[in-house]
Amino acid sequence: MSFTLTVWAQPEDLPLPTDVMQAQAQFDAVQAAPGAQPEPRFLALARALDARFPNTEDGDCDMYDHGLEILEKHPDNDRYYNIGLWARDDSFEVAFNHLVVQANDLGLHVMDGQNGAVYLANGEVLAIGAHTRTARLDDALSRKDWAAAWAECRRLVPRGEAEASLVWGLMVTQGRMTPAHPALGAALAQFSGIDPPRIGASTGA
């Protein structure tokens, strides 16, 4: 099974979307507008995806259908870029988060139409109903990039994101990016409301 994620750049003449319907309307406008030249960030994204999860010779274990070879040889002028993501194994969530982070870092929005979520280039997540808002945090943890994880916790905790409170507490307890302070870390983790049995896995400790 696979599904498609769609990537595009924020038009300069349109405001930043504040909900999923606005994002869809913006994408519809982008899709309808002709492009004048290839978007180099699409090629940069394809290369970043292939660098982390290279395509195999037979294709049986590929994570992405990104069309890197086509983009390198015959790029088109489309103002949007569709990427197929295969739900093959336990690497799916890591591959999903990697795509979101790489696209956002290039200044591109990502639409997950199947789940009604849009990952804006500024790190905000627009969603219909409950949906993960921690793609950047999860990606940082999988790479053990503690500085990026700390920055995401600082951004998400004031918004009441439970996972971020838990991770931040564990980082403080374990002395990641700050001197170890078990009591303060435990207090931060308690604010998450997440059951203690889940605490051990959140930072790969």
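Worth saying up front: this structure is predicted, and the values here are computed from it rather than measured.
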For [X] against [Y], the heavy-atom pair lying closest together:
| X | Y | value |
| --- | --- | --- |
| Pro15 | Gln10 | O-NE2, 3.2 Å |
| Asn104 | His109 | ND2-CA, 4.5 Å |
| Arg41 | Gly107 | NH1-O, 3.7 Å |
| Gly35 | Arg79 | CA-CG, 3.7 Å |
| Gly169 | Leu188 | CA-CB, 3.6 Å |
| Val110 | Val100 | CG2-CA, 4.3 Å |

So, the side chain of Gln24 versus the backbone of Val20: is there a donor-acceptor pair under 3.5 Å, distance only?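 No; judged by distance alone, with no hydrogens or angles, the pair does not exist.
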
Backbone of Leu126 reached by a side-chain donor or acceptor of Asp19 within 3.5 Å: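 Flag not set: sc Asp19 to bb Leu126 has no pair under 3.5 Å.
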
Between His98 and Tyr64, how do the two ring planes meet: parallel, tilted or perpendicular, split at 30° and 60°?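 Ring orientation of His98 relative to Tyr64: tilted.
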
Look at the aromatic rings of Phe27 and Tyr80 and report parallel, tilted or perpendicular, splitting at 30° and 60°.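 Phe27 and Tyr80: perpendicular rings.
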
Tell me whether [X] is salt-bridged to [Y], with the criterion being a basic N under 4.0 Å from an acidic carboxylate O.
| X | Y | answer |
| --- | --- | --- |
| Arg159 | Glu161 | no |
| Arg136 | Asp105 | yes |
| Arg52 | Asp139 | yes |

Do [X] and [Y] share a hydrophobic cluster (ILVMFWY, side-chain heavy atoms under 4.5 Å, transitive)?
| X | Y | result |
| --- | --- | --- |
| Val157 | Met177 | yes |
| Ile70 | Leu99 | no |
| Val125 | Val101 | no |

Measuring from [X]:[atom1] to [Y]:[atom2], what's the distance to the nearest 0.5 Å?
| X | Y | atom1 | atom2 | answer |
| --- | --- | --- | --- | --- |
| Arg143 | Asp145 | CZ | CG | 4.5 Å |
| Met171 | Leu166 | CE | CG | 12.0 Å |
| Leu43 | Tyr81 | CG | OH | 8.0 Å |
| Glu39 | Asp78 | CD | CG | 11.5 Å |
| Thr18 | Glu124 | OG1 | CD | 11.0 Å |
| Leu71 | Leu45 | CG | CG | 9.0 Å |

Is it true that Tyr119 and Phe96 have ring centroids separated by less than 6.0 Å?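 Between Tyr119 and Phe96, the centre distance is under 6.0 Å.
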
Indicate, with yes or no, if the rings of Phe92 and Phe53 have centres closer together than 6.0 Å.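 Distance test on ring centres: not under 6.0 Å, no.
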
I'd like to know if the side chain of Asn82 pairs up with that of Thr6 as donor and acceptor (distance under 3.5 Å, no hydrogens or angles considered).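 Note: Asn82 and Thr6 side chains meet the donor-acceptor criterion.
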
How about [X]: does its [atom1] atom have over 12 heavy atoms from other parts shown lying under 6.0 Å from it?
| X | atom1 | answer |
| --- | --- | --- |
| Leu14 | CG | yes |
| Gln37 | CD | no |
| Glu69 | CD | no |

Do Asp65 and Ile83 have side chains that approach each other closer than 4.5 Å (heavy atoms only, starting at C-beta)?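 They are not in side-chain contact.
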
Pairwise side-chain contact, Val30 with Pro11, heavy-atom cut-off 4.5 Å (strictly under):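 Answer yes - side chains close enough.
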
Output, in order, the C-alpha distance, side-chain angles, deciding distance and verdict of side chain to side chain contact (heavy atoms under 4.5 Å, CB included) for Trp86 and Met63. CA-CA 5 Å; Trp86 294 94; Met63 288 302 299; 5.6 Å; no

Got a sec, which residues hit side-chain hydrogen bond (donor to acceptor under 3.5 Å, both in side chains) with Glu72, two or more places apart in sequence or on another chain?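 Counting only residues at least two positions away or on another chain, Glu72 forms a side-chain hydrogen bond (donor to acceptor under 3.5 Å, both in side chains) with Arg47.
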
Please assess Val118 against Gln22 for the test side chain to side chain contact (heavy atoms under 4.5 Å, CB included), listing each intermediate value before the final yes or no. CA-CA 10 Å; Val118 179; Gln22 288 183 15; over 6 Å; no

Partner of Val167 under side-chain contact (heavy atoms from CB on, under 4.5 Å), chosen from Leu137, Thr134, Val172: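 Answer to the side-chain contact (heavy atoms from CB on, under 4.5 Å) test with Val167 among Leu137, Thr134, Val172: Leu137.
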
Show the numbers, then the answer: is there a side chain to side chain contact (heavy atoms under 4.5 Å, CB included) between Leu106 and Phe42? CA-CA 9 Å; Leu106 287 167; Phe42 295 164; over 6 Å; no

Gln26 and Trp8: side chain to side chain donor-acceptor pair (under 3.5 Å), yes or no, with the steps? CA-CA 10 Å; Gln26 180 184 112; Trp8 78 98; 2.7 Å; yes

Intermediate values then yes/no, side chain to side chain contact (heavy atoms under 4.5 Å, CB included), Thr178 and Trp168: CA-CA 11 Å; Thr178 186; Trp168 210 5; over 6 Å; no

